[in-house]
Amino acid sequence: VAAQASNVRSGFAAPKRFEADVEDCDVVGEIPTEIHGAFVRVGGEWFYPPKFADDAPLHADGYVSSFRFHKGKVRYKGRWIRTARFLSNLERGRQRFGYYRNRFTDDDDVRHLDGSVLNTAPIAHARKLFALKEDTLAHELDPNTLALKGSCDFDGAYKSQTFTAHPKIDAATGEMFAFGYEATGPASNDLFLYVIDRHGSVTREVRIKLPYVSMAHDMALTERHILFPFGGYVTSMTRLREGKVHWGWDRTLPSYIGMLPRDGEAKDIRWFRGPERGMLHTFNARSESNRVILEAPFMDSNLFPFFPAVDGSAWDPHKARARIRRVTFDLNSNDDRWQEEILFSFPVVDLARIDTRYMGHPSRFGFAGFHDPARPFQGTHGGIVPGPPTNSYGRFDFSTGTFTSYFAGPTCALQECCFVPRRPGAPEGDGYLIGTASNFAEMRTELIIADAQRLDEGDVARVVLPFRSDAQIHGIWVDASELPFVV
Ligand SMILES: [Fe+2]
């Protein structure tokens, strides 16, 4: 039931299928004129229904949208990411691609095409905008038209077949740390790490073998180390030949966090082991003398009901809830375990955000959505993960263990938030929290803009779209100086 609910195509999740431009959007409240740049979002919608009704919604066609801020006004643009899969389906007028990352289930005559949907995350680096999905290379987008330009192998220096949706850009050096897993092909346990300098040139490659093939979705960076968390998800060529969705969940396997010194080689990686854990996104990490500390919203088990357990057991919605944890590694100890502490008592959405000017350096605040059960809700919703609506954004202070929150209203569910600094040089966390809300009463999408230091006072402005926009997976804030925007 949960798996079917995740591909809902009615109500707020009914197919939209259009592209859109809205000049000078309607605004409730006043847009702070100091916000100058773009909120770029990537997500997915099935342009044609999936070939298999229980396929992972993570396999929906990529859609990119941007809210461009300039002098207190906002312009919206939304475009399909016209991948080889999208164009091939459009030509035949139906879905020709099978289960999530299982090419054996595609129509015979499309298996040679790149089947990626590029629906996971955008990133801006070296004055280029990319759409990312962890099953293929980074693909460049035109930052003004949002048109897909093509795949990028960084002048031939990027050898992995895949590129993570969550590279980390060191705020001090501008270097991008990126990796690909299943780097040499489906079900391979190769992970290749790359350092790409601020001009877009690959300066370093490290080829690593994972303890087992799994979904290494995100990473974390400190001033001295690189962390690779993963666990539970399994795949194999046998599984793929059997015609199954790419991932299963094996609760008997340990979770792992690989720790590589920034200047280390493959032999220098140290694998720490933990219990069953769902480990997808991270906030940030830091190295403090002989310890490494990571903050992340990890789950006790499998987040995704559409990646079934290999032992046939039912998906457990309670174990799928993310909690903000502090994970500490003692580098002096020979123990291969980590210490773990839950910092806040209630579950959050596992989409973890920070003030990215502190990426890879010590930071204090994390931002995430959550469901506040004390708040009223009047509506229905159909997100990709079944559960109560995300009605609040939190600013979590990891140094004091306290938080403040923003409530979106009784008819709204929030998508992932994003932090916008108030101005260059503003202190950490001084700025705005932005993110889209699905307003079920009005059947439209609204972009929330709240003061990150006064979340409890409500939003300072809402940009109102006259339609339901796409389901976002991840979004980023891009300052106007970062990309060659045409005003
Ligand atoms: Fe992600």
Side-chain angles (χ1 to χ4, degrees), residues 6 39-45 56-65 81 100-101 116-125 130-139 162-169 176-182 191 214-221 227-233 246-247 249 255 257 277-285 294-299 302-307 320-325 348-354 356 359 366-370 383-385 387 390 393 414-419 435-436 470-477:
S6 59
F39 179 41
V40 182
R41 313 157 67 230
V42 166
E45 175 187 328
L58 303 178
H59 208 197
D61 293 286
Y63 194 92
V64 56
S65 58
I81 302 177
Y100 179 72
R101 295 171 70 180
S116 182
V117 288
L118 296 174
N119 67 2
T120 311
I123 190 87
H125 186 247
F130 298 95
L132 306 175
K133 174 93 184 173
E134 64 199 41
D135 63 358
T136 189
L137 293 173
H139 281 61
T162 59
F163 192 105
T164 178
H166 294 289
K168 301 297 179 205
I169 297 174
M176 178 160 67
F177 291 73
F179 68 95
Y181 72 89
E182 297 186 61
L191 183 151
S214 194
M215 182 198 297
H217 183 66
D218 197 351
M219 64 189 295
L221 188 66
L227 304 180
F228 300 102
F230 70 89
Y233 294 104
H246 194 86
W247 299 116
W249 180 264
S255 52
I257 299 179
R277 283 286 176 270
M279 302 199 294
L280 296 175
H281 300 108
T282 64
F283 286 104
N284 202 5
L294 164 69
E295 271 122 12
F298 291 153
M299 285 69 64
N302 176 16
L303 175 65
F304 298 121
F306 40 81
F307 295 140
R321 297 188 299 190
R323 288 175 198 279
I324 298 177
R325 301 170 203 240
V348 298
V349 181
D350 87 307
L351 304 170
R353 304 310 301 262
I354 64 162
T356 55
M359 188 61 76
F367 304 96
F370 67 98
I384 64 166
V385 178
T390 304
Y393 285 145
L414 293 160
Q415 300 185 321
E416 182 197 52
C417 60
C418 184
F419 178 79
T436 51
D470 58 300
Q472 174 185 331
I473 298 183
H474 293 292
I476 53 167
W477 174 252

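Atoms within a ligand are numbered from 1 in the order they appear, just like the ligands themselves. Only heavy atoms go into these numbers, but all of them, side chains included; no hydrogens, no water, no symmetry mates.
- Within a radius of less than 2.8 Å around the Fe ion (ligand 1), the protein N, O or S atoms are His166 NE2, His217 NE2, His281 NE2, His474 NE2.
- Applying the side chain to side chain contact (heavy atoms under 4.5 Å, CB included) rule to His217 yields the partners Thr120, Glu134, Ala165, His166, Met215, Leu280, His281, His474; only residues at least two apart in sequence or on another chain are considered.
- Of the listed residues (Phe163, Phe230, Phe228), just one forms a ring-ring contact (aromatic ring centres under 6.0 Å, His included) with Phe179, and that residue is Phe228.
- Under the rule for a side chain to side chain contact (heavy atoms under 4.5 Å, CB included), the partners of Ala131 that lie at least two apart in sequence or sit in another chain are Ile81, Leu118, Leu141.
- None of Leu132, Ile473, Asp470 except one satisfies the side-chain contact (heavy atoms from CB on, under 4.5 Å) rule with Asn119; the exception is Ile473.
- Judged by distance alone, the side chains of Thr162 and Glu182 never bring a donor and an acceptor atom under 3.5 Å apart.
- Partners of Ala296 under the side chain to side chain contact (heavy atoms under 4.5 Å, CB included) rule, at least two apart in sequence or in another chain, are Thr282, Leu294, Phe298.
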